[in-house]
Amino acid sequence: MSDHAGDPATEAFVAHRNLLFTVAYEILGSAADAEDVLQETWLRWVKVDLDQVRDQRAYLIRITTRQSLNRLRTLQRRKEAYVGPWLPEPLLTTPDAAEDVELAESVSMAMMLVLETLSPTERAVFVLREAFELGYDEIAAAVDKSPAAVRQIAHRARQHVDARRPRTVVSRSEGQAVLEAFQRAVEASDLQGLMDVLAPDVVAVSDGGGLKLTALQPIIGVEKVIRMFVGSMQKIGGTLTTEPTVINGSPALLFSFDGELDGVVALRIEDNRVTGIYYVRNPEKLSRLESETPLTLH
């Protein structure tokens, strides 16, 4: 792309790159696949006659969405063969992502998992409508449906998501306080501290991808989750250290044993309790924790 510096197509693509990555990531839940989609979008974009393009942002989102839907079919086949639960690839996000409440909610691990329960077209329509506020006509062009069909799909997807998304948006201070209480309890192996911070019906989901030992099913219920957590720490062995960070716009912890990064723990928080624990241990999903990934809805 550097050979085309100053070229209008390059300038438009670079100006919208973070937006397009965010679109692809929200549809796919995989940063690696989102990067591939951006490459495919670029290859198609440079062949477009810009004189015929009325709205470059909308046109780029349309290409990105189509490429994401194509990629999603491949990704679904990979997920079917995946060992154990599949969690989205965690992103180390910039401070402004955490400050943007809408962005932080739309890319949170909890919301990304809700999006996993939608069909590919429903997911694309929901993301474009709810997160990026595209009009029905623009979305229709991106997913090859009529505007009337898109309106129905958006309504159905919204109902589905509303039934499963966290009930309230957690303030940064509340999220930070719960994370710190969880961190203290984990580091001290304080069982009562864990009982106090975890909701009775807490769900723990671990993703090792067959490369790291994890529970092959979600663990449900505070006592089972504590047993699983304490047991896992003992099996891994070594000295546990935890480091606060911001993953997908929300407070999270990096878990290391004897100084070696083991994984990232993101939390779903409701009513000052942890209702979901998402532990990504698959080493192939930890490459985005070394540098911040800029995300944007605009």
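These numbers were taken from a predicted model, which means no experiment stands behind them. For the single chain, residues carry numbers from 1 onward in sequence order.
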Whether W86 and Y82 hold their rings parallel, tilted or perpendicular, with breakpoints at 30° and 60°: perpendicular

Mutual orientation of the aromatic rings belonging to Y279 and F229 [parallel < 30°, tilted 30-60°, perpendicular > 60°]: parallel

Beyond-backbone contact of L297 with S106, side-chain heavy atoms, under 4.5 angstrom: yes

Chi angles and distances behind the side-chain contact (heavy atoms from CB on, under 4.5 Å) call for F257, T239: CA-CA 5 Å; F257 289 90; T239 304; over 6 Å; no

Shortest non-hydrogen separation from A266 to A252 and the atoms involved: CA-CB, 4.1 Å

Linked, directly or transitively: M111 and V23 (ILVMFWY side chains, under 4.5 Å): yes

Aromatic Y59 / basic R54 pairing, under 6.0 angstrom, 45° off normal: no

Straight-line distance of I220 CD1 to D201 CG, nearest 0.5 Å: 9.0 Å

same_hphob_cluster(L50, L20) at 4.5 Å side-chain heavy-atom cutoff: yes

Straight-line distance of E102 CD to F132 CZ, nearest 0.5 Å: 11.0 Å

Smallest separation among heavy atoms of R273 and D196, with atom names: NE-O, 2.9 Å

Electrostatic pair R62:E138 at N-O distance under 4.0 angstrom: no

Salt bridge (Lys or Arg N to Asp or Glu O under 4.0 Å) assessment of R184 paired with D190: CA-CA 8 Å; R184 284 193 301 271; D190 175 2; over 6 Å; no

Salt bridge E122-R129, side-chain N to carboxylate O under 4.0 Å: no

Single-linkage hydrophobic cluster V280~L115, side-chain heavy atoms < 4.5 angstrom: no

Backbone of A141 reached by a side-chain donor or acceptor of R66 within 3.5 Å: yes

Side-chain heavy-atom pair Q183, P244 within 4.5 angstrom cut-off: yes

NZ/K224: more than 12 non-hydrogen atoms of other groups inside 6.0 Å: no

Carboxylate-amine/guanidinium contact D207 K285, below 4.0 Å: yes

Heavy-atom closest pair, residues L261 and L289: CD2-CD1, 4.2 Å

Test item: I153 and R156 side chains (from C-beta on) under 4.5 Å apart, heavy atoms: yes

Reported CD1-to-OG1 distance for the pair I27 and T64, which is rounded to 0.5 angstrom: 8.5 Å

Validation row, ring centre W42 to ring centre F13 under 6.0 Å: yes

Criterion side-chain contact (heavy atoms from CB on, under 4.5 Å) on V264 and F255, from CA distance to verdict: CA-CA 6 Å; V264 61; F255 273 36; over 6 Å; no

Pairwise side-chain contact, I226 with M195, heavy-atom cut-off 4.5 Å (strictly under): yes

Ion pair check, K212 and D262, cut-off under 4.0 Å: yes

Derivation of the side-chain hydrogen bond (donor to acceptor under 3.5 Å, both in side chains) call for S119 and T121: CA-CA 6 Å; S119 74; T121 304; 5.1 Å; no

Lys/Arg-Asp/Glu bridge criterion (N-O < 4.0 Å) met for E116, R123: yes

Closest heavy-atom pair and its distance - N248, T93: N-OG1, 3.5 Å

Flag side-chain contact, heavy atom, 4.5 Å: L92 against R288: no

Note, H298 side chain near L19 side chain (heavy atom, < 4.5 Å): no

Crowding at CD, E284 (>12 non-hydrogen neighbours, <6.0 Å): no

Step-by-step salt bridge (Lys or Arg N to Asp or Glu O under 4.0 Å) determination, E80 to R73: CA-CA 11 Å; E80 283 164 14; R73 294 181 186 103; over 6 Å; no

Nearest-0.5 Å distance, CD of residue E270 to OG1 of residue T275: 4.0 Å

Heavy-atom neighbours of E223 CD exceed 12 at 6.0 Å: no

Shortest non-hydrogen contact between A104 and G249, atoms and distance: CB-O, 3.5 Å

Side-chain donor/acceptor of R164 to backbone N/O of H160, under 3.5 Å: yes

Minimum side-chain heavy-atom gap Q67-R44 below 4.5 Å: yes

Nearest-0.5 Å distance that lies between atom OG1 in T214 and atom CE in M228: 9.0 Å

Connected via hydrophobic side-chain network under 4.5 Å: V125 and Y25: yes

Shared hydrophobic cluster for V203 and L267 (ILVMFWY, side-chain gaps under 4.5 Å): no

Gap between atom OG1 of T293 and atom CG of N18 - 0.5 Å precision: 9.5 Å

Heavy-atom pair of closest approach, residues K145 and A149: CB-CB, 4.2 Å

Check: E187 and F182 side chains under 4.5 Å, non-hydrogen atoms: no

